[in-house]
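Working notes for the structure below.
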Protein chains: 2
Amino acid sequence: MKLDEAKQHFIQSWGTLGSNWGINRTMAQIHALLLVSSEPISTEDMMEQLQISRGNANMNTRTLIEWGIVTKTHIPGERREFFVTDKDIWALARQIVKQRRQREIEPMLRVIQEVKNVEGNDKETKEFKELINDIDSFTQKADDLMDKFIRSDEHWFYRQLLKMV
Amino acid sequence: MKLDEAKQHFIQSWGTLGSNWGINRTMAQIHALLLVSSEPISTEDMMEQLQISRGNANMNTRTLIEWGIVTKTHIPGERREFFVTDKDIWALARQIVKQRRQREIEPMLRVIQEVKNVEGNDKETKEFKELINDIDSFTQKADDLMDKFIRSDEHWFYRQLLKMV
DNA sequence: ATGTACTTTCAATTATTTCTGAAAGTTTTA
DNA sequence: TAAAACTTTCAGAAATAATTGAAAGTACAT
């Protein structure tokens with residue numbers, strides 16, 4: 001397999017993987033393109049290599065920047081902007097976990113708090129409260145794990161895995 | 001807050017949470033409805049409570065069954081089918097992790113294997129190979145963690161969390 | 001100040017996903 | 001065996017999400 005072929009294949013797969021996780025395909029593809037590129041990439045490059053429009057490239061790149069996994073950079077003598085991503089997969093994973101934690105765990109905990117205030121003492125209400133408490137406890141533990149992961153490094157994670165039986 | 005109100009609110013939020021994770025809203029809502037119901041639920045019940053069509057209810061329930069998180073049940077004297085879900089949140093989490101592992105980790109590892117066979121010895125190829133190796137190593141560790149989680153119980157998970165600093 | 005090179009925005013279009021509902025299929029009952 | 005009770009299927013409709021492209025915006029250079 002030739003390098004370009006391999007890169008292309010990787011970009012496509014990364015796109016599919018992303019869309020399975022509620023991340024739009026183009027956004028994941030732009031990220032993959034940055035991952036496999038040895039040089040910073042311009043909007044033009046993205047448009048050409050991924051066959052997408054300027055608007056699409058611009059919007060999705062912006063979202064990647066907001067997520068903190070892509071950064072703008074400048075090349076001396078060049079006027080336009082270039083983009084790069086951190087090639088450290090662990091840093092990437094941490095950043096993504098951080099985002100999802102903020103965007104999903106927090107709203108979930110808020111909903112849990114809200115529905116905890118349900119009135120009544122009958123069997124059905126008690127069952128409901130028990131369910132909500134279980135979800136609360138689970139969510140808090142997931143939150144705790146994510147928090148530890150975000151603050152960790154690769155070796156920490158590896159050591160934790162080894163400690164588990 | 002009244003019980004019905006709380007249930008309704010929970011069902012909506014569960015739907016939103018699901019759709020953030022690439023699970024369709026109705027499917028997540030059906031699951032939530034089953035979670036908060038003290039009795040088994042029929043297709044008719046779903047249609048009425050979630051205001052959805054028969055086909056929609058049927059298809060999404062089937063998918064939940066395929067995922068192993070909902071099961072058919074029968075009520076003595078009733079001809080039609082009823083559905084229930086396990087109220088154990090940990091069992092649910094394990095089942096979901098199991099599904100996603102199978103549906104996403106395995107294809108990812110296959111792609112990684114494919115692009116590993118890239119030809120060439122130049123700097124760019126080496127960089128690409130290094131990236132792929134990092135992703136491979138990360139994916140394998142994620143796979144390992146998921147595997148341990150799937151085989152675990154709540155207490156195991158809790159103990160692991162405590163062991164982590 | 002004007003032109004040039006580039007970036008951003010967003011209304012309109014296109015693609016994708018989800019949902020409906022009626023018809024076909026299946027199982028039970030009489 | 002036939003009708004009734006229920007479930008499944010799937011083509012088309014509707015809803016939602018993603019994308020385009022041209023116009024507006026910005027910043028730099030002369």
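Proteins get letters first, then strands, A, B, ... in listed order; numbering begins at 1 in each.
Between the CE atom of A:Met46 and the P atom of D:dT20 there is a distance of 14 Å, rounded to whole Å. Straight-line distance from the CD atom of A:Glu78 to the P atom of C:dT7: 10 Å, rounded to whole Å. Separating the CG atom of A:Leu50 from the P atom of D:dT20 is a distance of 10 Å, rounded to the nearest angstrom.
Think of B:Met47 as one node in a network of Ile, Leu, Val, Met, Phe, Trp and Tyr side chains linked at under 4.5 Å; it has no links at all. Other members of the hydrophobic cluster containing B:Leu162, listed by chain and number, are B:Tyr158; membership follows side-chain contacts under 4.5 Å among ILVMFWY residues, whether direct or relayed.
A donor and an acceptor atom, one from each side chain of A:Gln8 and A:Asp4, are nowhere located under 3.5 Å apart.
In this structure, B:Ile41 is a member of the same hydrophobic cluster as B:Ile65, with clusters built from ILVMFWY side-chain heavy atoms closer than 4.5 Å. B:Phe128 and B:Ile112 end up in the same hydrophobic cluster when Ile, Leu, Val, Met, Phe, Trp and Tyr side chains are linked at under 4.5 Å.
The stretch residues 61-75 of chain B touches DNA chain D through B:Arg62, B:Lys72, each having a heavy atom under 4.0 angstrom from the strand.
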* Asked: Just by protein heavy atoms under 4.0 Å, how would nucleotides 18-30 of chain C read 5' to 3' in B, S and -?
  -> SSBB-----BBS-
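Here the closest heavy-atom approach between residue A:Thr63 and residue A:Met27 is recorded as CG2-SD, 3.7 Å.
For residues 24-41 of chain A, the set of pairs meeting the salt bridge (Lys or Arg N to Asp or Glu O under 4.0 Å) definition, not counting sequence neighbours, is empty.
Side chain of A:Arg80, nearest nucleotide from C:dC6, D:dT9, D:dC6: C:dC6.
By the ring-ring contact (aromatic ring centres under 6.0 Å, His included) test, A:Phe10 is found to be paired with A:Trp14, residues two or more places apart in sequence or in another chain being considered.
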